[in-house]
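Since the model is a prediction, treat every value here as computed from it, not as a measurement. Below, all heavy atoms of this structure are taken into account, side chains as well, without hydrogens, waters or symmetry copies.
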Amino acid sequence: MNITTDMVKQLREMTGAGILDCKKTLEATNGDMEKAAAILYKKGLAQAAKKADREAKDGVIGVYVHNTQKLVGLVELNCETDFVSRLDEFRALARDLAMQVAGYHPLYLRVEDIPEEVLLAQRQLIRAELADSSKSEGEKGLLVESRLKKWFEEVVLLEQHFFRDENKTVRDVLNEAIAKFGENVVLRRFVRFELGE
């Protein structure tokens with residue numbers, strides 16, 4: 001199949017991958033846009049894993065102030081170079097993440113940040129809700145873990161569904177950013193202020 005410039009451009013816009021990678025992947029998939037995007041996405045995640053250990057000292061503070069002026073979200077989004085930190089796309093990502101913080105009210109950045117006593121209390125709360133259930137202990141254990149995972153999606157920023165695309169988590173969006181910008185991107189910390197809280 002003849003791979004056109006428009007096809008390469010469309011795949012590049014979809015994935016953020018390089019022009020040459022898009023062209024080669026389209027050739028390998030005989031122009032199948034969905035297969036090519038899936039391959040590039042997997043490749044991007046592999047690149048993200050390789051870059052995760054690299055130091056990210058540059059970056060920006062993303063700010064979102066709600067139009068009522070009573071709610072603010074702030075994030076520190078880091079990258080490796082000032083070149084990337086100055087890109088409009090990087091700054092837009094930081095603002096989107098600040099908007100996520102303001103709107104979704106996460107309590108923790110990572111699951112590992114949840115204090116052990118809070119995690120234990122949540123497990124006990126879920127177990128208490130299941131106490132009258134006729135399910136076996138094994139089934140109850142699976143239900144506890146399932147509900148705990150659902151709770152993580154509510155209170156842990158990296159596990160939350162991204163407000164611009166509910167099919168992705170914030171972690172997925174960051175991994176895509178690593179693939180797109182070609183360097184490590186780290187969401188370092190966040191703060192949410194609401195008047196009267």
Residue pairs, two or more places apart or on separate chains, that pass salt bridge (charged side-chain N to carboxylate O under 4.0 Å, His left out) and touch residues 26-41: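 Applying salt bridge (charged side-chain N to carboxylate O under 4.0 Å, His left out) to every pair that reaches into residues 26-41, excluding sequence neighbours, yields Lys23-Glu27.
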With [X] via salt bridge (Lys or Arg N to Asp or Glu O under 4.0 Å) - residues at least two apart:
| X | value |
| --- | --- |
| Asp165 | Lys168 |
| Glu89 | Lys180 |
| Arg95 | none |

Determine which pairs satisfy ring pair (Phe, Tyr, Trp, His ring centres under 6.0 Å) with at least one residue from residues 72-117, sequence neighbours left out, and list them in order.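 Of all non-adjacent pairs touching residues 72-117, those that pass ring pair (Phe, Tyr, Trp, His ring centres under 6.0 Å) are Phe90-Phe181.
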Within residues 121-147 or reaching into it, pairs that qualify as ring pair (Phe, Tyr, Trp, His ring centres under 6.0 Å) - sequence neighbours excluded: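 Sorted result for residues 121-147: empty, none.
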Partners passing side chain to side chain donor-acceptor pair (under 3.5 Å) against [X] (at least two apart in sequence or in another chain):
| X | answer |
| --- | --- |
| Thr29 | none |
| Glu145 | Arg123 |
| His161 | none |
| Arg189 | Glu76 |

Who else is in the cluster with Ile61 when I, L, V, M, F, W and Y are joined by side-chain contacts under 4.5 Å?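 Besides Ile61, the hydrophobic cluster comprises Val63, Val65, Val72, Leu74, Val191, Phe193, listed by chain and residue number.
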Members sharing Leu195's hydrophobic cluster (side chains within less than 4.5 Å):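 When side chains under 4.5 Å apart are linked, Leu195 ends up in no cluster with other residues.
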Heavy-atom check, side chain of [X] versus side chain of [Y], under 4.5 Å:
| X | Y | value |
| --- | --- | --- |
| Trp151 | Val156 | no |
| Leu174 | Leu158 | yes |
| Ile126 | Leu130 | yes |
| Glu194 | His66 | no |
| Leu109 | Phe190 | yes |

Yes or no on side chain to side chain contact (heavy atoms under 4.5 Å, CB included) for Gln122 and Leu148, after CA distance, side-chain angles and deciding distance? CA-CA 8 Å; Gln122 188 64 28; Leu148 205 54; 3.7 Å; yes
So if you build clusters from Ile, Leu, Val, Met, Phe, Trp, Tyr with side-chain heavy-atom gaps below 4.5 Å, do [X] and [Y] land together?
| X | Y | value |
| --- | --- | --- |
| Leu125 | Val144 | no |
| Phe152 | Leu142 | no |
| Leu97 | Val111 | no |

Enclosure of Glu166 CD (heavy-atom neighbours >12, cutoff 6.0 Å):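 Yes, the 6.0 Å shell around CD holds more than 12 heavy atoms from other groups.
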Looking at [X] and [Y], would you say the former's side chain and the latter's main chain have a donor-acceptor pair under 3.5 Å?
| X | Y | answer |
| --- | --- | --- |
| Asp58 | Glu80 | no |
| Ser146 | Leu143 | no |
| Asp96 | Leu93 | no |
| Gln100 | Phe163 | yes |
| Arg188 | Leu77 | no |
| Gln160 | Glu154 | yes |

Would you compute the distance between atom [atom1] of [X] and atom [atom2] of [Y] and round it to the nearest 0.5 angstrom?
| X | Y | atom1 | atom2 | answer |
| --- | --- | --- | --- | --- |
| Cys22 | Gln10 | SG | CD | 10.5 Å |
| Asn2 | Asn30 | CG | CG | 12.0 Å |
| Leu120 | Ile114 | CG | CD1 | 12.5 Å |
| Met99 | Leu71 | CE | CG | 10.5 Å |

Do you know the tightest heavy-atom contact between Val60 and Ser85?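 Answer, listing the atom of Val60 first, then Ser85: CG1-O, 3.5 Å.
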Indicate the atoms forming the closest heavy-atom contact of Gly62 with Ala98, along with that distance.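 So the two residues come closest at O-CB, 3.5 Å.
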Show the numbers, then the answer: is there a side chain to side chain contact (heavy atoms under 4.5 Å, CB included) between Glu129 and Arg147? CA-CA 11 Å; Glu129 290 171 359; Arg147 288 190 186 177; 3.2 Å; yes
Stepwise side chain to side chain contact (heavy atoms under 4.5 Å, CB included) check, Leu187 with Val75: CA-CA 7 Å; Leu187 181 55; Val75 298; 3.7 Å; yes
Would you call Glu159 and Arg110 a salt bridge, taking side-chain N to carboxylate O under 4.0 Å as the test?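 No, Glu159 and Arg110 are not salt-bridged.
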